[in-house]
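Convention: sequence-line order gives letters A, B, ...; per-chain numbering from 1.
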Amino acid sequence: MSDVKKIKRGVDIKLVGEADKEFAPDKSVKTIAIKPVDFNGVRFKPVVKEGDEVKAGTPLLYHKDSEQVKFCSTVSGEVAQVVRGAKRRLLEIRVIADENIDYEDFGAADPNTLDREDIVEKMTASGCWPFLKQRPYNVVADPEKTPKAIFISGFDSAPLAPDMSLLMEGLEKEFQAGINALKKLTDGKIHLGLSARETPSPVLANAEGVTITKYDGPHPAGVVGVQIAQVDPINRGETVWTVNPEHVAIIGRLFLEGKFDARIRVAVTGSEVKDRKYHNTIIGAPVANFVKGNMTEGKNRIISGNVLTGTKLDDEGYLSIYERQITVIPEGDEPELFGWLLPKTDKFSISRTLPSWIQRKFGDKKYELDTNTHGERRAFVVSGEYEQVFPFDIYPVQLLKAVITQDIERMENLGIYEVVEEDMALCEVVCTSKMPVQSILREGLDMMRKELG
Amino acid sequence: MKALHNFLEKNVKPTFEEGGKFEKLWPVYDGFETFLFVPGKTASSGAHIRDGIDLKRTMNTVIMALIPALLFGMWNVGYQHYIALGMDATFMQEFLFGAIKVLPMVVVSYGVGLGVEFLFCVVKGHQINEGYLVTGMLIPLIMPVDLPLWMLGLSAAFAVVIGKEVFGGTGMNIFNPALIARAFAFFAYPAYMSGDSVWINTSVSEGQSVVDGFSGATILGELATTGSTSYSAMQAFIGTIPGSVGETSVIMILIGAGLLIFTGIGSWRIMLSALAGGAAMGLIFNAVAPYAITEVQQQFMAVPFWEQLIVGGFAFGIVFMATDPVTGARTNTGKWIYGFLIGFLAIMIRVFNPAYPEGVMLAILFMNTMAPLVDHYVLQANIKRRQKRTLKTAEG
């Protein structure tokens with residue numbers, strides 16, 4: 001029997017635009033892009049130049065501080081462009097894909113028979129390694145370190161989140177092989193979190209060698225950081241790695257077939273998408289594949305990921321590596337007369353200052369929210385607000401204030417090691433003072449990392 | 001709507017923008033524009049959707065919660081006036097009389113306070129904050145009706161400058177600005193802020209006179225001097241008693257409290273624990289009343305604890321002043337302690353020191369000072385818990 005943990009604090013923001021539980025016809029991926037901006041804490045060195053021929057699994061970039069960690073192409077083809085931004089910051093490496101993907105051969109092997117070094121070697125060389133993220137700091141895992149545990153959240157509770165059962169359907173063998181490999185990387189346990197509210201994906205529920213914990217509660221119950229805090233919180237000096245289930249399957253394929261096969265499934269969601277379905281695709285695919293001609297008229301925001309933590313894309317953009325969802329919602333860049341006064345029903349609020357709470361409470365109100373901030377930035381005024389949606393034994397406002405005042409010791413004391421941006425995303429949503437919570441926290445994490453390594 | 005916005009954008013805004021004629025007055029223009037229109041600003045980093053609430057809506061909710069107390073206060077001013085003069089008056093006459101007295105107080109409070117606030121924003125070049133919207137309404141409600149308007153204005157100015165702007169504006173202040181205004185008036189013009197003659201307007205026109213035996217003292221004033229009161233508990237609860245404009249009616253304050261708690265704007269933790277604190281002190285006084293030195297004190301202490309909670313500014317203070325999130329405790333645990341001590345100290349001060357019958361004002365100001373300390377210990381407990389956990393895992 002698995003343990004059930006109750007998560008009390010949090011909120012499910014129900015939006016219009018869930019994806020139908022069926023797959024759209026496959027579309028070929030003509031180009032892909034690997035985006036260095038997706039990865040935190042990495043200094044990149046490109047190893048290809050425009051015109052180079054690559055295979056799936058050929059390194060495009062490596063990690064300057066940890067040279068064995070490679071960031072690889074997910075298709076075979078020709079390097080089309082190395083896109084740089086201001087101060088020559090590396091933004092994207094684009095690859096034009098061949099019709100049929102050629103894979104680099106890393107050799108199939110049963111992870112149970114390999115030792116840790118071989119597994120690290122295989123994963124770092126093939127481009128699978130960056131799927132492992134390290135806490136504290138939410139950075140690409142350091143292969144030199146041994147984490148005290150690896151955490152996998154087996155469900156997504158974010159608004160319009162895809163159904164994990166669909167994402168993982170038919171991937172039993174791959175997932176299990178991935179778990180077997182991950183087991184060698186830690187001396188501790190592999191924790192898998194499942195939802196107590198919905199039927200979990202059978203692929204995950206039947207996996208062996210993992211410690212399953214079930215979580216019952218609203219978002220952020222499905223966020224891996226919340227699960228870590230419930231099971232085995234991160235203490236000073238400890239490291240924990242996290243990885244998404246769909247990426248475990250990719251790691252599994254590496255060991256089963258010896259290749260970096262980065263096929264994934266994404267859900268195309270949001271109120272402004274016409275045909276909302278699941279898609280079979282490849283990591284780094286262009287977003288146009290999913291939304292071109294598939295959006296309503298008007299100004300829209302295309303988000304790689306969910307509305308809480310995703311990144312804004314233009315219609316030429318590419319799917320971010322860690323995301324399993326694309327969301328399109330209306331931009332809200334129109335001023336609103338007496339918007340702060342009128343009792344509108346089309347806005348979401350955790351307070352009951354707007355009448356929409358009635359529909360939320362007593363009906364199954366789904367919102368069509370836009371990106372308007374509904375107010376301007378102010379100093380911290382209201383208290384007790386973040387606490388309603390932040391299920392950690394941490395004082396969130398005080399932690400952010402420690403970051404703002406750059407007080408390293410206080411940040412550490414108040415538990416900065418235990419959180420990353422996505423854990424505090426809901427705080428940002430509910431903030432009356434419209435604080436950029438996630439970017440403040442990121443600043444703090446970067447500061448800590450610079451000071452303490 | 002759109003036309004108005006376009007007109008502003010095209011014809012008005014440029015004169016206030018950089019290089020415009022009134023460039024310096026940008027904060028004023030910005031204040032008015034954002035009052036009219038919530039800007040079309042979109043989330044540029046982090047979460048892409050945001051809660052529909054902002055500081056303007058928050059402050060507006062508090063003002064709505066104050067309206068019942070304000071309206072009742074207006075009527076009560078008239079009601080008390082006509083009683084003092086021994087005249088019969090209709091409800092409308094009473095209300096109108098009160099409105100004529102109270103509305104100028106509101107106007108002066110907002111006019112002066114916002115004026116000073118705008119001035120500061122123009123000088124410092126920062127945006128105008130919403131904080132004063134509530135403060136401006138609170139100030140007239142916690143003053144006696146006969147306070148000269150210039151004193152009210154001066155208090156409001158003092159509150160904005162010393163109570164708020166010197167600390168950096170809304171969100172940074174240490175003391176509740178409205179209470180700073182009251183404390184200022186209380187210590188600067190004690191003759192107008194205490195005693196028996198300020199709570200009821202007794203201005204007479206020709207042929208009118210104050211009835212024989214009229215005292216005009218508040219319940220607390222009576223209790224402190226004689227140990228007993230001529231008003232019933234029911235009167236105190238309904239609010240047909242002399243006192244500061246908005247503080248008398250517990251019923252109206254409860255309606256406001258209900259709105260604040262319901263919307264989640266006001267902290268029920270603070271209100272509840274303050275009530276508990278006041279009741280606790282009241283009970284202690286009840287128990288030790290026979291041992292008090294003077295007879296008056298014995299009687300004052302023997303006032304049933306629940307009556308202590310419905311007289312004076314206690315209810316108004318704990319609902320509208322103690323719950324100010326900026327100057328109160330910010331942690332949930334801290335709020336329990338903070339609220340309890342406010343209630344406890346308020347009753348203690350009013351009974352022990354008859355010179356300051358309004359214990360709740362001093363109690364809240366004192367606890368404003370202590371709130372960071374309370375929070376500090378709550379945080380320390382959290383930090384210790386975390387360190388212990390680290391040690392435990394390091395050992396085991």
Using heavy-atom distances under 4.5 Å, tell me whether [X] contacts chain B through its side chain, its backbone, both, or neither.
X        : value
A:Glu422 : neither
A:Ile350 : both
A:Asn306 : backbone
A:Ile329 : side chain
A:Arg236 : both
A:Ser356 : neither
A:Glu387 : side chain
A:Thr353 : both
A:Gln398 : side chain
A:Arg410 : side chain
A:Glu418 : side chain
A:Asp370 : backbone
A:Leu342 : backbone

With respect to chain B, which residue among [options] yields the maximal number of heavy-atom pairs within a distance under 4.5 Å?
options                                : answer
A:Thr432, A:Val381, A:Val382           : A:Val381
A:Ile234, A:Leu354, A:Leu369           : A:Leu354
A:Ile303, A:Val397, A:Thr309           : A:Ile303
A:Lys312, A:Arg442, A:Glu376           : A:Glu376
A:Leu15, A:Asp346, A:Val429            : A:Val429
A:Ser349, A:Gly305, A:Ala425, A:Ala379 : A:Ser349

Please examine the side chains of [Y] and [X], heavy atoms only from C-beta on, and report whether any two atoms are closer than 4.5 Å.
X        : Y        : answer
A:Asn235 : B:Arg389 : yes
A:Arg378 : B:Glu130 : yes
B:Glu33  : B:Lys13  : yes

Checklist entry - So among B:Arg385, B:Arg386, B:Lys384, which one has a salt bridge (Lys or Arg N to Asp or Glu O under 4.0 Å) with A:Asp393? => result B:Arg385
Next on the checklist: Counting only heavy atoms not in B:Phe118 (residues, nucleotides, ligands), do more than 12 fall under 6.0 Å from its CZ?
Outcome noted: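 Result for CZ/B:Phe118: enclosed.
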Item to check | Which of B:Thr34, B:Ile265, B:Asp375 touches chain A most, by non-hydrogen pairs under 4.5 Å | outcome: B:Thr34
Checklist entry - Under a 4.5 Å heavy-atom cutoff, which of B:Val326, B:Val378, B:Leu55 has the most pairs with chain A? => result B:Leu55
Checklist entry - Centre of A:Tyr367's six-membered ring, under 6.0 Å away, within 45 degrees of the axis: is that where NZ or CZ of A:Lys365 sits? => result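 Because its charged atom sits under 6.0 Å from the ring centre and within 45° of the axis, A:Lys365 does stack over A:Tyr367.
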Next on the checklist: Between A:Arg135 and A:Glu238, does any NZ, NE, NH1 or NH2 come within less than 4.0 Å of an OD or OE carboxylate oxygen?
Outcome noted: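 Here A:Glu238 does not pair with A:Arg135 in a salt bridge, since their nearest N and O are not under 4.0 Å apart.
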Next on the checklist: One pair to check against salt bridge (Lys or Arg N to Asp or Glu O under 4.0 Å): A:Lys347 and A:Glu336. What are the steps and the verdict?
Outcome noted: CA-CA 12 Å; A:Lys347 291 178 191 165; A:Glu336 189 189 0; 3.2 Å; yes
Checklist entry - Going through the distances and angles, do A:Lys148 and A:Asp232 end up as a salt bridge (Lys or Arg N to Asp or Glu O under 4.0 Å)? => result CA-CA 9 Å; A:Lys148 74 164 175 174; A:Asp232 189 7; 2.8 Å; yes
